[in-house]
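Structure first, commentary second.
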Amino acid sequence: MIQVHSTLHRALVEFQPRDRGKVGIYVCGPTVQSEPHVGHGRYAVAFDVIRRYLLWRGFGVTYVSNVTDIEDKIIAAAQEAGESVEVLAEKMSERFSKAFRALGVLPPDVEPKATEHIPEMIELIERLIDRGLAYERGGDVYFSVKTLEGYGKLSGRRPDELRSGHRIEVVDAKEDPLDFALWKATKPGEPWWDSPWGAGRPGWHIECSAMAEKYLGRGFDIHGGGMDLIFPHHENEIAQSEGASGEPFARYWLHNGLVNLGGEKMSKSDGRVVDLESIVESRGGKALRMLFVRAHYRSPIEFSDELLDEAAEALDRLERFRQRVTAGEPDSGALLRFQEVMDDDFGTPQAMSLLFDLVREGNRQLDEGGDASPIAGAVDSIIGVLGIDDASGPQQSGSLLSDEAIDEFVEERSRARSERRFHDADRIRDRLEEAGITLEDGPDGTRWLRR
RNA sequence: GGCGACGUGGCCGAGUGGUUAGGCACGGGUCUGCAAAACCCGGUACACCGGUUCGAUUCCGGUCGUCGCCUCCA
């Protein structure tokens, strides 16, 4: 039995897909207004692990993750950069994909763009108007929060509480300050589309409602995204979708914890961000993925160079073990334990613990001349589900020695050692170390490892 | 102010009403020409104060502290 923590239920609940053996997942992708930061990497990895695990558990998974390519911020960014919204969005979108690939994130099965689903959004808005849940004011269309029973159920807020808050933008056109825009009348210089309410563009939130329904249908299984999207974005998605259909929108809501920098949220708005692309290049997507997977996906996580070092270190330990032995048929007991911890809301920290237990046990068996291939097989399987192998290492800097060249040096050193010319041998080792190659002498000869 | 999460050993990070998480770092060993790696051994940590209990880090109450959301944000 798989249990997941659903924000909607505020508890661990048994995971039961809508359709037997199949899982539909919708994860809120980025608003492509600027380059990706480490926080984006975290949500991508979190849900990629969930996707891979469900696949491993034998489900047919349809993974949908959108690109929001029309929105206030993008328009502003494009105007500032002096380029079109389209060009900017396309460029950023490509950079997100590339960075995610370096993190070992599988491409979504469907990656719908908001601008390619305007008719679906218009149709959805019309349904909401027909049902008396939305109204038009001077070319804008707003969702009427007070007419919907149960608004606030995801975020645990009551409308009157929200209303008493003083931070809600007051727009005269709205009947209620809580109402939010489904459609916005166009302003000069902005992209626009024709609609029954005149030229305009969609509001934020509506694209997810329209595209999730289109690709996954009503009552699909898992809706995911960052914790910070719970309110208002996901709350409003529920309002729109359930308001229009009268049916539940998504069965389970999963939210990943945010990335902190110096104890505080990494946030675009106050410039506290670490650029994802530069980390992936200099430190490798693999190390960053490791850093993410070491913590539970719902916990907040601190980001720093030191923590990245630690993650890379742990990765090396894993790699060294895997280089010692050829993987065989996986140890079934180990996989069973892996399944146990992952079934419990995707317990990757426990999976890591298991992984390193296996490494120690495998190393011990090898030291004793035993057969560690089943353990190595289990290690490989687990690493595969965690997606670590699909992430890329850091870009190699400095001298690039070919494998053949390294082998030659190593052989030369072995000759020196056997002739007890240790000074010569050590000089070769030091030079290789400087070039980023570490040597390890063992009973079966010398192994080397790029650092 | 409202809602929510969390406070674990030097650091990261799980978990449990009484018995070993795990990683990194550190100390001692084994091995080795040396080093690295690997393996073995090593530190009675659970914010504070009460309560329940034979027994609480784990349950209840309170205090303090940190963080998130309430506005765009993964």
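Within every chain, numbering begins at 1; the chains are lettered A, B, ... in the order of the sequence lines, protein sequences first and strands thereafter.
- For residues 414-431 of chain A, proximity to RNA chain B is found at A:R417, A:F422, A:D426, A:R429, defined as any non-hydrogen atom under 4.0 angstrom from a strand atom.
- Projected onto RNA chain B by closest heavy-atom contact, A:E440 and A:A295 fall at different nucleotides, the more 5' of which corresponds to A:A295.
- Among residues two or more places apart in sequence or in another chain, the side chain to side chain contact (heavy atoms under 4.5 Å, CB included) test is passed with A:E242 by A:K153, A:I238, A:P248, A:F249.
- Remark: A:K113 does not engage A:E86 in a salt bridge, criterion side-chain N to carboxylate O under 4.0 Å.
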Its dot-bracket string being built from Watson-Crick and G-U pairs below 3.5 Å, with | for another strand and [ ] for crossing, RNA chain B has the pattern (((((((..(((.....[...))).(((((.......)))))....(((((..]....))))))))))))....
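- Proximity note for A:D228 (side chain, C-beta onward) versus B:A38, B:C69, B:C12: the nearest is B:C69.
- Side-chain atoms of A:Q365 and A:E361 include a donor-acceptor pair closer than 3.5 Å.
- A centroid separation of 6.0 Å or more is found between the aromatic rings of A:F303 and A:H37.
- Within 4.0 Å of A:D72, counting heavy atoms only, lies no atom of the nucleic acid at all.
- Looking only at distances, no side-chain donor or acceptor of A:D109 sits under 3.5 Å from a matching main-chain atom of A:V64.
- As judged by a 4.0 angstrom heavy-atom cut-off over every strand, A:R320 is placed among residues touching the sugar-phosphate backbone only.
- Between B:C46 and B:G50, the two P atoms lie 15 Å apart (nearest whole Å).
- In this structure, A:R298 does not reach the B:G13 phosphate: none of its side-chain N or O atoms is under 4.0 Å from OP1 or OP2.
- Between A:R52 and A:D390 there is a salt bridge, since at least one side-chain N of the basic residue sits less than 4.0 Å from a carboxylate O of the acidic one.
- Panel note: side chain A:R157, backbone A:G152; no donor-acceptor pair is recorded below 3.5 Å.
- Backbone-only engagement by A:G263 is indicated by non-hydrogen atom pairs under 4.0 Å involving sugar-phosphate atoms exclusively.
- Picking from B:G23, B:C39, B:C24 the nucleotide with the shortest atom distance to the side chain of A:E313 gives B:C24.
- Using a 4.0 Å heavy-atom criterion, one finds that A:E264 contacts the sugar-phosphate atoms exclusively.
- Between the side chain of A:D441 and the base of B:C34, a donor-acceptor pair under 3.5 Å is found.
- At a threshold of 4.0 Å, the pair A:R415-A:D424 does not count as salt-bridged, since none of the basic side-chain nitrogens sits closer than that to a carboxylate oxygen.
- The phosphate of B:G15 (OP1 or OP2) has a side-chain N or O of A:Q350 nearer than 4.0 angstrom.
- The gap from the C1' atom of B:U58 to that of B:C6 amounts to 16 Å, rounded to the nearest Å.
- For B:G9 and B:A21, the C1' atoms lie 13 Å apart once the distance is rounded to whole Å.
- Checked against B:A14, B:C40, B:G23, the side chain of A:P349 finds its nearest nucleotide in B:A14.
- Between A:K265 and B:A74, a side-chain N or O to OP1/OP2 separation shorter than 4.0 Å is absent.
- Using a 4.0 Å heavy-atom criterion, one finds that A:N256 contacts the bases of the nucleic acid, with or without backbone contacts as well.
- Distance A:L432 CG to B:C34 P: 21 Å, rounded to the nearest Å.
- The phosphate of B:A14 has neither OP1 nor OP2 within less than 4.0 Å of any side-chain N or O from A:R294.
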List the atom pairs, with distances to 0.1 Å, where a side-chain N or O of residues 371-389 of chain A and a protein N or O form a donor-acceptor pair under 3.5 Å, not counting sequence neighbours.
{"unit_1": "A:D371", "atom_1": "OD1", "unit_2": "A:S373", "atom_2": "N", "d": "2.9"}
{"unit_1": "A:D371", "atom_1": "OD1", "unit_2": "A:S373", "atom_2": "OG", "d": "2.9"}
{"unit_1": "A:D371", "atom_1": "OD2", "unit_2": "A:S373", "atom_2": "OG", "d": "3.3"}
{"unit_1": "A:D380", "atom_1": "OD1", "unit_2": "A:R322", "atom_2": "NE", "d": "2.8"}
{"unit_1": "A:D380", "atom_1": "OD1", "unit_2": "A:R322", "atom_2": "NH2", "d": "3.0"}
{"unit_1": "A:S381", "atom_1": "OG", "unit_2": "A:G377", "atom_2": "O", "d": "3.0"}
{"unit_1": "A:D389", "atom_1": "OD1", "unit_2": "A:R322", "atom_2": "NH1", "d": "3.0"}
{"unit_1": "A:D389", "atom_1": "OD2", "unit_2": "A:R322", "atom_2": "NH2", "d": "2.8"}

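- Counting non-hydrogen atoms under 4.0 angstrom, A:I230 reaches nothing in the nucleic acid.
- Between A:R320 and A:E440, the closest side-chain pair of non-hydrogen atoms falls below 4.5 Å.
- Remark: A:H37, A:G39, A:H40, A:Y43 in residues 37-47 of chain A come within less than 4.0 Å of RNA chain B through at least one heavy atom.
- Side-chain contact check for A:T31 and A:T68: no donor-acceptor pair (N or O, by modelled atom type) lies under 3.5 Å.
- Looking at A:E161, its side chain has no donor and acceptor atom pair within 3.5 Å of the base of B:G2.
- At the heavy-atom level, A:V341 lies nowhere under 4.0 Å from the strands shown.
- Residue-to-nucleotide proximity on RNA chain B shows that, of A:E302 and A:G257, the 5′-proximal contact is made by A:E302.
- For residues 85-114 of chain A, every residue pair satisfying the ring pair (Phe, Tyr, Trp, His ring centres under 6.0 Å) rule, not counting sequence neighbours, is listed here: A:H40-A:F96, A:Y43-A:F100, A:F96-A:F100.
- Within 4.0 Å (heavy atoms only), A:L229 reaches sugar-phosphate atoms of the nucleic acid but no base atom.
- The side chain of A:S299 places no N or O atom within less than 4.0 Å of a non-bridging phosphate oxygen (OP1 or OP2) of B:C67.
- Between B:C12 and B:U30, the two P atoms lie 34 Å apart (nearest whole Å).
- Nucleotides B:C26 and B:G10, compared at atom P, are 16 Å apart to the nearest Å.
- B:G4 atom C1' lies 18 Å from atom CH2 of A:W253, rounded to whole Å.
- Relative to the side chain of A:R364, the nucleotides B:C34, B:A25, B:C39 differ in distance, and B:C39 lies closest.
- When each of A:H234, A:H255, A:H223 is checked for a side-chain hydrogen bond (donor to acceptor under 3.5 Å, both in side chains) with A:T7, only A:H255 meets the rule.
- Using a cutoff of 4.0 Å between basic side-chain nitrogens and carboxylate oxygens, A:R101 and A:E94 are scored as salt-bridged.
- Set against B:A38, B:C39, B:C72, the side chain of A:R360 has B:C39 as its closest nucleotide.
- Among the heavy atoms of the strands lying under 4.0 Å from A:P232 are primed sugar atoms or P, OP1, OP2 only; no base atom is included.
- As rounded to whole Å, 9 Å separates atom P of B:C72 from atom CD of A:E71.
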